[in-house]
2 protein chains.
Amino acid sequence: MNQPKRYLDIVLDIRKMISQENIRPGDRIPSERELAETLKVGRSTIREALRSLELLGLIETRRGEGTFLSDHRNHRLVEVLSTFILQDNQSQRDVQETRKIHELSAIRAICQNEVSSQLPVWDSFSRQIDEGETFLREDFMRELLVLSGNRLSLKIWILLAQYSGNPYKGRITTDETAMIKNILAAIMRQDADKAASGLTLWIDWLQKESTEDDHDT
Amino acid sequence: MNQPKRYLDIVLDIRKMISQENIRPGDRIPSERELAETLKVGRSTIREALRSLELLGLIETRRGEGTFLSDHRNHRLVEVLSTFILQDNQSQRDVQETRKIHELSAIRAICQNEVSSQLPVWDSFSRQIDEGETFLREDFMRELLVLSGNRLSLKIWILLAQYSGNPYKGRITTDETAMIKNILAAIMRQDADKAASGLTLWIDWLQKESTEDDHDT
DNA sequence: TTTTGAAAGTGGTCTGACCACTCATGTTCT
DNA sequence: AGAACATGAGTGGTCAGACCACTTTCAAAA
């Protein structure tokens, strides 16, 4: 019977402490020595837990200052993780697929809401396309997630977006303008099914495009 | 000029070593002491890197045996992240909504697949209802997620299920049998839209039924 | 008043020491 | 010979203490 790993308990303890003390993103958490004494474990054990959380981007450490709850704006872990996890095809497919799930649900939610489907932002996107301006695909997608109103879904999506390479990272090309305008039109007339199928079309097209362009970092 | 974190380099070094030595999932990687000597750093630094990778589910350590490349590419990160993500996002609505998103996507995926939509399990559910047997709502939902084939989505769903408490925990009642049979029929004739709308109906009904349980921690 | 610098506090790293556990090897007993 | 046992080497788990590099603070000096 293997003992449960201490440092895992520590991770949970720290999390509990954070919620109990009402520590918010950006706030400082107790020092390593302090945590070690409070939780009655060695400092190295504390550090193993903290380093794990740091690699996940959940906390941020600054030498000489302390350890802080992160604002969820960090990438650090992503490159590392992608080289490990995403080598597995099934995993990578799942990430893409799950991301798509959230995007499709978001666009459906928007269409079903009279307010968010009539927002000037859609017109603005449409006008940008007409005027030959480009924008980041990711910005468009993020807008969908934000306006869907589901903050949890948004957070999950942001995570997945970090994991899922760069088909979304670029700017839209003229090849895509027709598809996007279709989507925008569908949103503005609150046609959820058409908007969803249009978005599916676009995403699938994007992923097909990116499989031909393969880079290594 | 802040020095870059050592243990982050170590993570990359270990990754490089793994690919160079052609270590595959399930294989053993060098011991901590060995790594420390090879990479010319202290053992504690090595451990911080390894613990991070372990929390991510990338490696597995067994006391007395060694450290191994993780066999199953599990997304343990989701579990850890969730405890942090959900802490400030206590809007139970978002959790329920996101859960629904995954359930609906799952049932759609099943309908669009000739194999999974024709599995005997659906007939089995149907027969159980006819014979007056009951089953846990959660078991039905889990079946959906499992058969959707997206393991990441399943992981997320399991998490959300833990956080979203009650409505799914019970057994089906006679009030629901008609709705469920509708859903099952739609699945078996691969009617994704009908299956999805039927499931929506059921879920909304469930949530309406239990509109008195509101906890905050 | 402003500047300076020493001290305290913090994370980063290393070392050496135990402990608990697994496994292979050798030894003893039957 | 075969089986049960004992031992020791190797490994991860944890701890304590020691430096180092860095930041902040604040009292002393200019």
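This is a predicted model, so every value here is computed, not measured. Just so it is clear: chains get the letters A, B, ... in the order the sequence lines come, proteins before strands, and each one is counted from 1. All heavy atoms count here, side chains included; hydrogens, waters and symmetry mates do not.
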B/Ile29 or A/Gly42, whichever maps to the more 5' nucleotide of DNA chain D: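 Final value for this comparison: B/Ile29.
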
Using a cut-off of 4.0 Å on non-hydrogen atoms, how would the nucleic acid contact of A/Ser44 be classed: base, sugar-phosphate, or nothing?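 Base contact - A/Ser44 has a heavy atom under 4.0 Å of at least one base atom.
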
If we ignore angles and hydrogens, is there a donor and acceptor under 3.5 Å between the side chains of A/Trp157 and A/Glu103?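 Checked: A/Trp157/A/Glu103 side chains pair up, N/O donor to acceptor below 3.5 Å.
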
Looking only at the side chains, is there a donor atom on one of B/Thr98 and A/Asn150 sitting less than 3.5 Å from an acceptor on the other?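 A pair is found: one side chain offers a donor N or O, the other an acceptor, under 3.5 Å apart.
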
Residue A/Glu48, side-chain atoms from C-beta onward, closest of D/dT14, C/dG12, D/dG12: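 Closest nucleotide to the A/Glu48 side chain: D/dT14.
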
For the side chain of B/Glu32, counting heavy atoms from C-beta on, which of C/dG12, C/dT10, D/dG13 is nearest?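 Among C/dG12, C/dT10, D/dG13, the one nearest the side chain of B/Glu32 is D/dG13.
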
Do [X] and [Y] have side-chain heavy atoms sitting under 4.5 Å apart?
{"X": "B/Leu199", "Y": "B/Leu144", "answer": "yes"}
{"X": "B/Thr61", "Y": "B/Leu50", "answer": "no"}
{"X": "A/Ser44", "Y": "B/Ser44", "answer": "no"}

All N/O pairs under 3.5 Å across the protein-nucleotides 24-27 of chain D interface:
none

For residues 121-129 of chain B, which side-chain donor-acceptor pairs fall under 3.5 Å, sequence neighbours excluded?
unit_1, atom_1, unit_2, atom_2, d
B/Trp122, NE1, B/Ser116, O, 2.7

Nucleotide [N], atom [atom2] - distance to [atom1] of [X] in whole Å:
{"X": "A/Glu54", "N": "C/dT13", "atom1": "CD", "atom2": "P", "value": "10 Å"}
{"X": "A/Glu34", "N": "C/dA8", "atom1": "CD", "atom2": "P", "value": "17 Å"}
{"X": "B/Arg62", "N": "D/dG10", "atom1": "CZ", "atom2": "C1'", "value": "15 Å"}
{"X": "B/Ile46", "N": "D/dG13", "atom1": "CD1", "atom2": "P", "value": "14 Å"}

Which pairs, protein N/O on one side and nucleotides 16-19 of chain C N/O on the other, fall under 3.5 Å?
unit_1, atom_1, unit_2, atom_2, d
C/dA17, N6, B/Arg43, NH1, 3.4

Phosphate contact (D/dG13 OP1 or OP2) by B/Arg47 side-chain N/O below 4.0 Å: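 B/Arg47 to D/dG13 OP1/OP2: side-chain N or O found under 4.0 Å.
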
Does OP1 or OP2 of D/dC15 have a side-chain N or O of A/Thr45 closer than 4.0 Å?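 Checking D/dC15 against A/Thr45, a side-chain N or O does come within under 4.0 Å of OP1 or OP2.
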
Could you please spell out the steps behind the salt bridge (Lys or Arg N to Asp or Glu O under 4.0 Å) verdict for B/Glu48 and B/Arg51? CA-CA 5 Å; B/Glu48 292 182 11; B/Arg51 250 18 75 207; over 6 Å; no

With a cut-off of under 6.0 Å to the ring centre and 45° to the axis, is A/Arg171 in cation-pi contact with A/Phe135?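 Checked: cation-pi criterion not met.
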
